[in-house]
Amino acid sequence: MNILLIGGGGREHAIASAVKRSGGNLYSYMENRNPGIIRLSDDFLISSNLNDVLKWKYVADGKIDFAIVGPEAPLEQGIVNSLENIGILSASPSKEAAQIETSKKFMRNLMEKYSIPGNVESHYFSDEEEIIRFMKDFDRPFAVKPVGLTGGKGVRVQGDHFQSKEEGIRYAIEVIRSGIGEGKGVLIEERMLGEEYTLQAFTDGNNLIPMPLVQDFKRALEDDKGPNTGGMGSYSMADHRLPFIDEQSFEKSVEILRMIVHSLKREGITYKGTIYGQFMLTKYGPKVIEINARFGDPEAINVLTIFEGDFLKIIEGMATGNLSVKYSRFSNDSTVVKYLVPEGYGTNPAHGMEIVVDESGIERSGAIIYFGSVNERNGKYYTTHSRTIAIVGRHMDLYTAEEIAENATKFVTGRLYHRRDIGKRETIEKKVRRMEEILKDP
Ligand SMILES: Nc1ncnc2c1ncn2[C@@H]1O[C@H](COP(=O)(O)OP(=O)(O)O)[C@@H](O)[C@H]1O
Ligand SMILES: [Mg+2]
């Protein structure tokens, strides 16, 4: 089976590896020369123009069986629609289906219209006068959320990124004036309190198969300080749950994703591919923070590292509407992902810096490496503006998995930084205690 993969980061390296493990041929399109993906590919195309994919010989000559898209931007550009027009089906959503991610307003409206549980009070604005008028009588903590894509860097939450109501209003106005989030306007949402978790699922628009839960760490610095990033690392547990999520909340979260996919169907939109729910467990139960139309990065790395089913059958099932649970299996191992990122990542990353990777050292130490936004030139590796290398530890015991990952970070040298606290006992126990306090708070 010939698979076309779009994207050149750590998530896509993990997808590439799953395709190869299940015996597929891999044809990869990326903007940077990702050495991990290139090594696994039967052929690859480097270009910063997505339209070049459609002209690539394997695509144009009909050699590709199915496509899978890693990042959100090509989904929004409608690459799945363009491929379908020339007869290639994808295990990723169309432009219309991807609106569940590319418009936070579309997502909230859909949840409202179909009374899907887990929705959050949310108000849409495209005019600054309206914001000022509305906020006069609004006296609860809130979050300011650009409607469109911002690469995980646009949302600001009261008490966290800003303190006073006035500061929040000022930012909401800035979002409109500067067109932050693709100029699609801004949402003001009630602020939720709780612990966040990720639930990803495979779907063909009808059937839905949940993957193991993952917790991701968005803040740049240890102890959840510093600016938001695309994600500094993540962990998953051997039982595919998280220590602070009860079974009922897990089941509810799966049901919410299922209802979203089925509601889209009723709107005439078939959602195919991985759907990603970013949830927060609050004292009112699971709440939807946002929905993504693809695997998470790093969360893809956690789940695909332990995927032991038939990935090609899963891709085919999603793309053709015949998804079957019998091809999905995840091993009972815990995983810890630590992203090594350029120093200053989140504000002013040290890009274009050479890094040295001792891959055999990593392998001997029992860890796994996935290349992120690395550029290869003349056999040397350089950082870009984004996350550089993901190191994964995998073990039945979570804390052993953490040690494996942490220990292997020393085999990569250069102007890089990573969070030591991800997957550590203290970090997780703190989250469990915080959840207990939120749940018992009257
Ligand atoms: N209504 C909300 N209440 C509290 N925190 C929120 C709320 N909405 C978003 N956040 C916080 O902001 C982060 C980013 O918001 P999200 O909707 O996921 O946007 P994006 O990932 O596109 O930046 C979330 O991970 C969460 O921590
Ligand atoms: Mg998010």
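Sequence positions, counted from 1, serve as the residue numbers for this chain. Counting convention: from 1, in listed order, for ligands and their atoms alike.
With ligand atoms numbered from 1 in the order given, ligand 1 contributes 25 (O) to contacts under 4.0 Å with heavy atoms of Lys218. Counting atoms of ligand 1 from 1 in the listed order, those under 4.0 Å from a heavy atom of Glu190 are 1 (N), 2 (C), 3 (N). The atoms of ligand 1 that sit less than 4.0 Å from any heavy atom of Gln278 are 18 (O), 24 (C), 25 (O). Short contacts between ligand 1 and Glu189, defined as distances under 4.0 Å to a heavy atom of the residue, involve ligand atoms 1 (N), 8 (N).
Within the structure, ligand 1 lacks Arg156 among the residues with a heavy atom less than 4.0 angstrom away.
Looking only at distances, a side-chain donor or acceptor of Lys165 sits under 3.5 Å from a matching main-chain atom of Phe138. Side chain of Ser249 to main chain of Ile245: no donor-acceptor pair is present (N/O by atom type, distance under 3.5 Å, no hydrogens or angles). Not one N or O on the side chain of Gln278 forms a donor-acceptor pair closer than 3.5 Å with the backbone of Ile291. Here the side chain of Tyr29 pairs no donor or acceptor atom with the backbone of Leu4 at under 3.5 angstrom. Side chain of Thr229 to main chain of Lys218: a donor-acceptor pair is present (N/O by atom type, distance under 3.5 Å, no hydrogens or angles). With hydrogens and angles disregarded, a donor-acceptor distance shorter than 3.5 Å links the side chain of Asn32 to the backbone of Val374.
With respect to the salt-bridge test (charged N to carboxylate O, under 4.0 angstrom), the residues Lys252 and Asp246 do not qualify. A salt bridge links Lys113 and Glu267; the closest N-O separation between the charged side-chain nitrogens and carboxylate oxygens is under 4.0 Å.
Ranking protein heavy atoms by distance to atom 20 (P) of ligand 1, first place goes to Glu290 OE2, 3.5 Å. Nearest protein heavy-atom contact of atom 12 (O) of ligand 1 is Val155 CG1, 3.4 Å. Protein heavy atom in closest approach to atom 22 (O) of ligand 1: Lys104 NZ, 2.7 Å. Here the protein heavy atom with the shortest distance to atom 23 (O) of ligand 1 is Gly152 CA, 3.3 Å. In terms of protein heavy-atom proximity, atom 17 (O) of ligand 1 is nearest to Lys145 NZ, 2.9 Å. Ranking protein heavy atoms by distance to atom 27 (O) of ligand 1, first place goes to Glu196 OE2, 2.5 Å. Counting protein heavy atoms only, atom 6 (C) of ligand 1 is closest to Val157 CG2, 3.8 Å.
Using the six-membered ring where Trp is involved, Tyr381 and Phe371 have ring planes that are perpendicular, over 60° apart on the 30 and 60° scheme.
When Asn302, Asp216, Asp297, Thr335 are each tested for a side-chain hydrogen bond (donor to acceptor under 3.5 Å, both in side chains) with Ser234, only one passes: Asn302.
Proximity of Arg191 to ligand 1, defined as any heavy-atom pair under 4.0 Å, is shared by backbone and side chain alike. Residue contacts with ligand 1 for Met192 involve both N, CA, C or O and side-chain atoms from C-beta outward (heavy atoms, distance under 4.0 Å).
A donor and an acceptor atom, one from each side chain of Thr305 and Tyr370, are located under 3.5 Å apart. Residues Tyr276 and Gln200 have side chains that never bring a donor and an acceptor to within less than 3.5 angstrom of each other.
Arg21 has its side chain within reach of Ser17: a pair of non-hydrogen atoms, C-beta onward, lies under 4.5 Å apart.
Here 2 is the count of protein N, O or S atoms positioned under 2.8 Å from the Mg ion (ligand 2), waters not counted.
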